[in-house]
Amino acid sequence: MAVTIVGAQLGDEGKGGIVDVLAERADVVVRYQGGDNAGHTVVAGEETYKLSLVPSGVVQGTIGVLGNGCVVNPQTLFEEVDELRDRGLDPELYVAARAHVIMPYHRVLDGAEEDAKAEDDLSVGTTGRGIGPTYEDKMARRGIRIADLLDPDRLRPRLEYVVSHKRAVAEDVFGIDEPEAFDVDELFETYREIGERLADEDMVVDAGRFLDERVAAGDRLLYEGAQGTTLDIDHGNYPYTTSSNPTAGFAATGSGVGPAVIADGEIIGVIKAYLSRVGEGPLPTEIEGELAEEIRDRGGEYGTVTGRPRRIGWLDLPMLRDATRASGFTGLALNHLDVLAGLEEVNVAVAYETDEGRRQTMPPTTAAWAACEPVYQSFEGWPDVDWDEVAEEGIESLPDRALAYAAFIASELDVPLAAIGIGPDREQTLVLEHPFDEA
Ligand code: IMP
């Protein structure tokens, strides 16, 4: 039985909070794509956990798995595990033998490529974590996988090949020279030791087999998507995307279970009540000026990974219609309704006006999306109330107009609401239909 959580927008929809709440009833929480570019925040009472690689669900004591579709920076992995241990948690965490490793040269090349693109106004605004270059090596079949770290005889020749290739690109294409990131002897020693720690801690598994056995035993799997649908390498606004597939179809490929495991379960699209974007690329519903600042500050819209201020926009229904199609949402979690409280009016883009007429969904090219003029429907704003009280009393005590806004989105997408988020705390996620009861 599986529940899959997918970002319906541009990342930062509050997936971490939803995963944290649902993880309480899950046996295993699985990440299937991305790496430490994700920023997941879990607030449990006085404690705030900021995780970028380790699945958010482990904060609840659930077993965590980083699937083969992930790219893993082992330094981040150990830092996060050590910090959780220092704070009294004991995460049981496994990493797929088939997952690819983010190496120091990937991060150097990520930065170099962004700098080079900036000269021609082509930057993506990546998180600088080496995500793209690692997936690039995976596809080119020159990557280093987690299993390679446990086998020094295999690691050494693979490193020798790939590092000479990478060094040539760094020097000849980008004109950079960072000896440490390209020093085979040093990389070999460091990563062999990392392999030893992974082996000592029994962290490496054949993820597909591990999860298959769990499914057969009747366990509840919670799939934690990172980033969001409009950042998907295939379904997002290429090239302003990440280099993996956050959409639900990849939950199977990125973890090694059959697609029916995902499709037979529930697929929850997480939506923020407005939009934010960190990084470059168009945003047709972008809001500028004081209003954007107000929403940014109220919503704490600064990157968890990079600290960058996020751009702000109104909710975009054409984007959500595409996200619903691409992942087949069976339920929605609508977050941050509290952030919009107190505004006189709240707008929603219900369609786009284009040179070819009105359209209900996003065009397939980014240039065409950038040229779309949003058609807005306005809603009267709702008052700022005591959200802790609402959290205690439940959905009936939500301001009527906030509830009407949520109901409008669900009805437009023809997908029921599974949860509503009215604050960052665990207690402030109102679960209407627990997906593990439905699955
Ligand atoms: P990369 O994933 O670091 O290559 O970055 C590619 C694009 O995805 C950039 O626009 C990033 O800002 C964006 N991105 C990556 N991870 C996240 C995330 O967790 N939240 C929001 N945006 C993200």
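In listed order, ligands and their atoms are each counted from 1.
In this structure, the side chains of Phe408 and Gln377 come closer than 4.5 Å at one or more pairs of heavy atoms. Counting only heavy atoms from C-beta outward, the side chains of Leu149 and Leu155 approach each other to under 4.5 Å.
Residue pairs meeting the salt bridge (charged side-chain N to carboxylate O under 4.0 Å, His left out) criterion with at least one partner in residues 237-246, sequence neighbours excluded, are absent. Sequence neighbours left out, the pairs with a member in residues 90-118 that pass ring-ring contact (aromatic ring centres under 6.0 Å, His included) are Tyr94-Phe210.
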Decide side chain to side chain donor-acceptor pair (under 3.5 Å) for Thr285 and Asp316; before the verdict, give the C-alpha distance in whole Å, the side-chain angles of both, and the deciding distance to 0.1 Å.
CA-CA 7 Å; Thr285 64; Asp316 185 323; 4.7 Å; no
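With sequence neighbours left out, the salt bridge (Lys or Arg N to Asp or Glu O under 4.0 Å) criterion links Glu373 to no other residue.
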Measure from every N or O atom of ligand 1 to the protein's N or O atoms and keep only the pairs below 3.5 Å, writing each with atom names and distance to 0.1 Å.
from	atom 1	to	atom 2	distance (Å)
ligand 1	2 (O)	Asn37	ND2	2.9
ligand 1	2 (O)	Thr242	OG1	2.6
ligand 1	3 (O)	Thr127	N	2.8
ligand 1	3 (O)	Thr127	OG1	2.6
ligand 1	10 (O)	Val278	O	3.3
ligand 1	12 (O)	Gly125	O	3.3
ligand 1	12 (O)	Val278	O	2.8
ligand 1	12 (O)	Arg308	NH2	3.1
ligand 1	16 (N)	Asn37	O	3.3
ligand 1	16 (N)	Gln227	NE2	3.2
ligand 1	19 (O)	Asn37	O	3.3
ligand 1	20 (N)	Asp12	OD1	3.2
ligand 1	20 (N)	Asp12	OD2	3.3

